[in-house]
Amino acid sequence: MTEIPKAYEPQSVEDKWYDFWLKQGCFTADPKSAKPAYSIVIPPPNVTGMLHMGHVLNNTIQDILSRRARMDGKEVLWLPGTDHAGIATQVMVEKQLKKEEKKSRHDLGREEFLKRVWAWKEKHGDIIINQLKKLGCSCDWTRERFTMDPEYSRCVQKVFVELYKKGLIYRGKRMVNWCPVSQTALSDEEVEMKPQNGFMYHFKVQVAEAPDTWLTIATTRPETIPGDTAVAVNPKDPRYAHLIGKHIVRPLPAELPQDKKLIPIIGDEHVDFEFGTGVLKVTPAHDKADFDIGTRHKLPLIEVINADGTMNTLAGGPLAGLDRFKARKVAVEILTEQGAMIEAKPYENNVGFSQRADVPIEPRLSEQWFLKYPAVPESKACVAEGRMKFHPDRWAKVYDHWLANIQDWCISRQLWWGHRIPVWSKDYADHLASFGDSDKIDKATRGRNDFVVRTEPQIKCAEDNDKPARIYICISPDASADSDQKNIIQLIESLGYKQDSDVLDTWFSSWLWPFATMGWPEPTETLKKFYPTTDLVTGPDIIFFWVARMIMAGYEFMGEAESAGPKKFALPDAMPFQNVYFTGIIRDKQGRKMSKTLGNSPDPLVLIAQYGADALRFGTMRSAPLGQDVLFDEKDVELGRNFCNKLWNACRFRQMVGSADFPIQGEIERTLLNPDDKWLLLKLDAAIREVTIALNEYKFSEATAALYRFFWNEYCDWYVEASKAVFFGTDAKQKANTLAVIDFVLSHTIRLFHPFLPFITEELWHGMGFATDMPDNQGGKTIMNAPWPLPFDDDFKGHYGLDDCYVEMTDTKYELVRNGRDLRRAGNIQAAKKVKYVFKPAQHLTPHDAEVIKLLLNAEALEVNADYLPPKGTPVVASPLGELFLPLEGLIDVAAEKIRLGKEIEKNQSEIVKVEQKLANPNFTTKVPPAVLVEHEQRLLDWKNKLAQVQTALAALN
RNA sequence: AGGCGCUUGGCGCAGUGGUAGCGCAGCAGCUUUACACGCUGUGGGUCGGGGGUUCGAAUCCCUCAGCGCCUACCA
């Protein structure tokens, strides 16, 4: 560092070092390395995404873990990439298309539309990657993956075929969560329940067989009345049980003749007679629970809502064509006109919303692909038994509960962007008609059931042969260069088979992330070295979406226990990671979630430009306690910047006091170590321990707090100031030794900071010359590989005489200084005015200590005089080291001093009373552990001594 | 409805049985030869309410309240 700016300027430093790291291949993991492995896979951000504060939190943590592991001597792989984000990406490109060309995706056609999506990805897909680089992330970019990469797609298809073969993937007609905006099915996890203010409508219906009897029905969705095919009551309900088997007249559609609107009253245990009126309208086509009732009672289904959320003609003239919410109002109007409407009570209920489109989902009957989750028992056990650890561990319960109540996963999506379902099907008039095709296909695929699976028609009896049949063939299309697949696809397509038009849920590809990114299914060097990964860092909001599913995929496809087909290698414990760290959620300082609509989410890149990436990282980490949400405040980033500046200037100070005369990192001569040096070295040792432990426990805010305290309060505030006593002196040997101590401490401190502040520490590491005498792979090239500081061992402490008594002794000295400074203020002495102190030592005081005290007091002089007789009224502070006087005859404000001492006496007395009361209690003295008793007695003695000294001082004033 | 978490000075948090702490903000002062992105000093809390266990509770137990999150087919 030849030229040292007064303030740290991150902009000039950060890009320089990031380029350097990239050019030097510092982030590239070597699977052939002999070092122990450490690996993380990034939670792949959406390829459409922009960096937000959640990414900052999450990726800073991963970077800290990775950098720390490198310094710990591990071979580190932090594997990055992005996911294709099916709906989000498709919607984005559709919007663009509409805006720029006024076309829909249907205008273009599937193939052309996908070309556009790819074009968009090529152009904008690396935005978020570049943003991560700005943050300083040390990902192995040579291995960057995208879930739609050809190799990755092959993994997805292979997995589909294997699960299909095991019968875990099936096609079913079921009630699914339907998003009317995106017009696709969603999984249960993509539905978010939100309380909504609506109305509970009560309307009456007539019992056909007993025209005097009317039933009152409660509903929140009157627009679905035309879809009702029954009315249910609880068979145990005395009010209604006798009506079961009779019929009611459905009020809608109004124009339908009465005999077409008779629906039965059925008895079903599901009906809660406490709720509503105890009479439930059953709409099997538009409600999950009603669908189940309908199945139990073999009720017909009437669909009245279209895929886009509008009503169809079966809903009746006035409703047809209306949006479902508009239809609700119209239905209410019609009922009111009919005189059927009794009341509309304001009512709050939970409504499922599509997470993506933020509109209420519509339960809808449709044919979809489902997956029965594999490897559930193994996945449950590994967390329950503690082999895989969750941090904080309370998430283990949440995970366990979900797995215990797991429902089949709807994996098909009615989208174009994504992995197309590798299944072809053909409808035959009857089974016999399929036999000819089947023979041909058998011939072509013989022996290749590893990638081709055909469903056999279910033939239970001879008559089944006459029934229509649909045959599914599941093929892994691009499994290799082998042309067989292409030929088979060609064959079946020529026979009239068509590929399913749906794509797979994006999570159906990301659940393979930990191994599909490493070259699976080939037994690659990377997989062998780095799977299972060490840590996963993610948000608890995707514990079901992603974490749980990755664990299942790990067991299913990497494990040796299951019979998932021939595996090229398998592991005894195939769990994909050993630890899962769940971050908190970033909120604004009022505790609100960050969102685009609120506009309360700062742009991390703006913050980086303004304060530096290190500052952003440090500020975020400092306010992110384990398991707590993070209330983000720009003040934290400012604090981070201030800290970097402090670090910078502390190094600048070292450069200024140690000119060319003093080599960097001279040897510490143990005989020249003064108490301040020893104090500092012991504090450093404590800091190394604390930071190391905190990092091992994923307590990042504790680690930063410890570092902050050590560096700012202990090193800068006390040691650096005290060291000026040496540097302003004349003893060259002493100066050299102090510099050696500083270099030792700084070189350790900078390393401790490196995972948190990668840029400034690299700059200082080189600038201060610490890199020069390190081996190339041990910090000579980059601080990234410098060894992580270890706590001092007994030999080291013994050699340098680092006894804990120096901590106590020096703390006492600094306490004396603090009290001495207070005297000036109590005496109303201007801060700028230099004054003389007199010290009356209780024991021998070295000239060095005297000089330190003088300097820290900012005193004009410190007279050390064991026989000092203070003039009456001289303010004094007492310490085990002796008494410190501020002799200022005539200048002292006696009244103020009396008040100060009075307060002091009061405090001492109240503390004495507290301890005395305890010690007077025989229950206390007999039951308490001896150490506690001794400690209390000592405490009482200390307070009494202090009181006596203060009382003496007060007496002297009178 | 159930589960989990939180409640400590104005704000954000640490403290999990033995003298209530930290940072920010506040206040007073300071161009002290690394740093005003700084230095020095300082005020401020009966630890959400109540009860219990204990010689002793912010800390353990019970209970109530408020806030937040997750799970759930109550129309």
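Every heavy atom of this structure was used, including side-chain atoms; hydrogens, water molecules and symmetry mates were not. All chains are named by letter (A, B, ...) in the order of the sequence lines, taking the proteins before the strands, and each is independently numbered beginning at 1.
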Any side-chain heavy atom of A:Arg250 within less than 4.5 Å of one from A:Asp228?
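Yes, side chains in contact.
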
Round to the nearest Å and state the distance from [X] atom [atom1] to [N] atom [atom2].
{"X": "A:Arg709", "N": "B:rG23", "atom1": "CZ", "atom2": "C1'", "value": "13 Å"}
{"X": "A:Met656", "N": "B:rU32", "atom1": "CE", "atom2": "C1'", "value": "14 Å"}
{"X": "A:Phe700", "N": "B:rA14", "atom1": "CZ", "atom2": "P", "value": "16 Å"}
{"X": "A:Leu746", "N": "B:rA34", "atom1": "CG", "atom2": "P", "value": "15 Å"}
{"X": "A:Asp636", "N": "B:rA25", "atom1": "CG", "atom2": "P", "value": "11 Å"}
{"X": "A:Lys397", "N": "B:rG2", "atom1": "NZ", "atom2": "C1'", "value": "13 Å"}
{"X": "A:Phe728", "N": "B:rU32", "atom1": "CZ", "atom2": "P", "value": "13 Å"}
{"X": "A:Lys834", "N": "B:rU33", "atom1": "NZ", "atom2": "P", "value": "9 Å"}

Could you tell me whether the phosphate oxygens of B:rA20, OP1 or OP2, come under 4.0 Å of any side-chain nitrogen or oxygen in A:Lys914?
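For A:Lys914, the contact criterion (side-chain N or O under 4.0 Å from OP1 or OP2 of B:rA20) is met.
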
Does anything in residues 917-927 of chain A reach RNA chain B, meaning a heavy atom under 4.0 Å, and if so which residues?
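The answer is A:Asn921, A:Asn923, A:Phe924, A:Lys927.
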
Same-atom distance ([atom1]) from [N] to [M], integer angstrom:
{"N": "B:rG50", "M": "B:rA75", "atom1": "P", "answer": "39 Å"}
{"N": "B:rU53", "M": "B:rG17", "atom1": "C1'", "answer": "12 Å"}
{"N": "B:rA20", "M": "B:rC47", "atom1": "C1'", "answer": "8 Å"}
{"N": "B:rC74", "M": "B:rC6", "atom1": "P", "answer": "28 Å"}
{"N": "B:rG43", "M": "B:rG29", "atom1": "C1'", "answer": "15 Å"}
{"N": "B:rU59", "M": "B:rU7", "atom1": "P", "answer": "12 Å"}
{"N": "B:rU46", "M": "B:rA57", "atom1": "C1'", "answer": "14 Å"}
{"N": "B:rC11", "M": "B:rG45", "atom1": "P", "answer": "14 Å"}

What I want to check is whether the side chains of [X] and [Y] have a donor and an acceptor closer together than 3.5 Å.
{"X": "A:Asn642", "Y": "A:Glu638", "value": "no"}
{"X": "A:Glu634", "Y": "A:Tyr611", "value": "yes"}
{"X": "A:Lys281", "Y": "A:Thr283", "value": "yes"}

Heavy-atom count check: over 12 atoms from other residues, nucleotides or ligands less than 6.0 Å from A:Lys646 NZ?
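For A:Lys646, atom NZ is crowded (more than 12 foreign heavy atoms under 6.0 Å).
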
For the CD atom on A:Glu937, are there more than 12 heavy atoms of other groups (residues, nucleotides or ligands in this structure) within a distance under 6.0 Å?
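Result for CD/A:Glu937: enclosed.
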
For nucleotides 35-41 of chain B, print each protein N/O atom paired with a nucleotide N/O atom at under 3.5 Å, atom names and distance only.
from	atom 1	to	atom 2	distance (Å)
B:rC35	O4'	A:Asn649	OD1	3.0
B:rC35	O4'	A:Asn649	ND2	3.4
B:rC35	O2'	A:Asn645	ND2	3.0
B:rC35	O2	A:Lys646	NZ	3.0
B:rC35	N3	A:Lys646	NZ	2.8
B:rC37	O4'	A:Arg641	NH2	3.3
B:rC37	O4'	A:Asn642	OD1	2.7
B:rC37	O2'	A:Asn645	ND2	2.8
B:rC37	O2	A:Arg641	O	3.4
B:rG38	OP1	A:Asn642	ND2	3.3
B:rG38	O3'	A:Lys646	NZ	3.1
B:rC39	OP1	A:Lys646	NZ	2.7
B:rC39	OP1	A:Trp712	NE1	2.8
B:rU40	O3'	A:Arg821	NH1	3.3
B:rG41	OP1	A:Arg821	NH1	3.3
B:rG41	O2'	A:Arg825	NE	3.1

Consecutive Watson-Crick or G-U pairs in runs of at least 3, all under 3.5 Å, in which RNA chain B is involved:
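Result, WC/G-U stems under 3.5 Å: B:1-7 with B:65-71, B:10-13 with B:21-24, B:26-30 with B:38-42, B:48-52 with B:60-64.
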
Need one value for A:Val720: base, sugar-phosphate or nothing, where a base atom within 4.0 Å counts as base even if backbone is also close, heavy atoms only.
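Contact class for A:Val720: base.
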
Just checking A:Pro363: base, sugar-phosphate only, or nothing, at a heavy-atom cut-off of under 4.0 Å?
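Touches nothing.
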
Toward the 5' end of RNA chain B, which comes first, A:Val928 or A:Glu702, by nearest nucleotide?
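Looking at RNA chain B, the more 5' nearest nucleotide goes with A:Glu702.
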
Would you give a per-nucleotide map of nucleotides 69-75 of chain B, 5' to 3', where B means the base has a protein non-hydrogen atom under 4.0 Å away, S means only the sugar-phosphate does, and - means neither?
S-SBBBB

Would you call [X] and [Y] a salt bridge, taking side-chain N to carboxylate O under 4.0 Å as the test?
{"X": "A:Lys635", "Y": "A:Asp633", "result": "no"}
{"X": "A:Glu690", "Y": "A:Arg709", "result": "yes"}
{"X": "A:Glu223", "Y": "A:Arg328", "result": "yes"}
{"X": "A:Glu916", "Y": "A:Lys944", "result": "yes"}

Can you list the residues that meet the ring-ring contact (aromatic ring centres under 6.0 Å, His included) rule with A:Phe759, with sequence neighbours excluded?
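Testing A:Phe759 for ring-ring contact (aromatic ring centres under 6.0 Å, His included), a comparison that skips the adjacent residues, returns A:Trp21.
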
Who are the ring-ring contact (aromatic ring centres under 6.0 Å, His included) partners of A:Tyr347, not counting sequence neighbours?
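Per chain and number, A:Tyr347 pairs via ring-ring contact (aromatic ring centres under 6.0 Å, His included) with no residue.
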
Tell me if the centroids of the rings in A:Tyr814 and A:Trp718 come within less than 6.0 Å of each other.
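When the ring centroids of A:Tyr814 and A:Trp718 are compared, they turn out to be within the sub-6.0 Å range.
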
Close aromatic pair by centroid cut-off 6.0 Å: A:Phe756 and A:Tyr708
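Not under 6.0 Å, so no.
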
Is A:His936 reaching over with its side chain to a backbone N or O of A:Lys918, donor-acceptor style, under 3.5 angstrom?
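Checking the backbone N and O of A:Lys918 against the side chain of A:His936, no donor-acceptor pair under 3.5 Å is found.
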
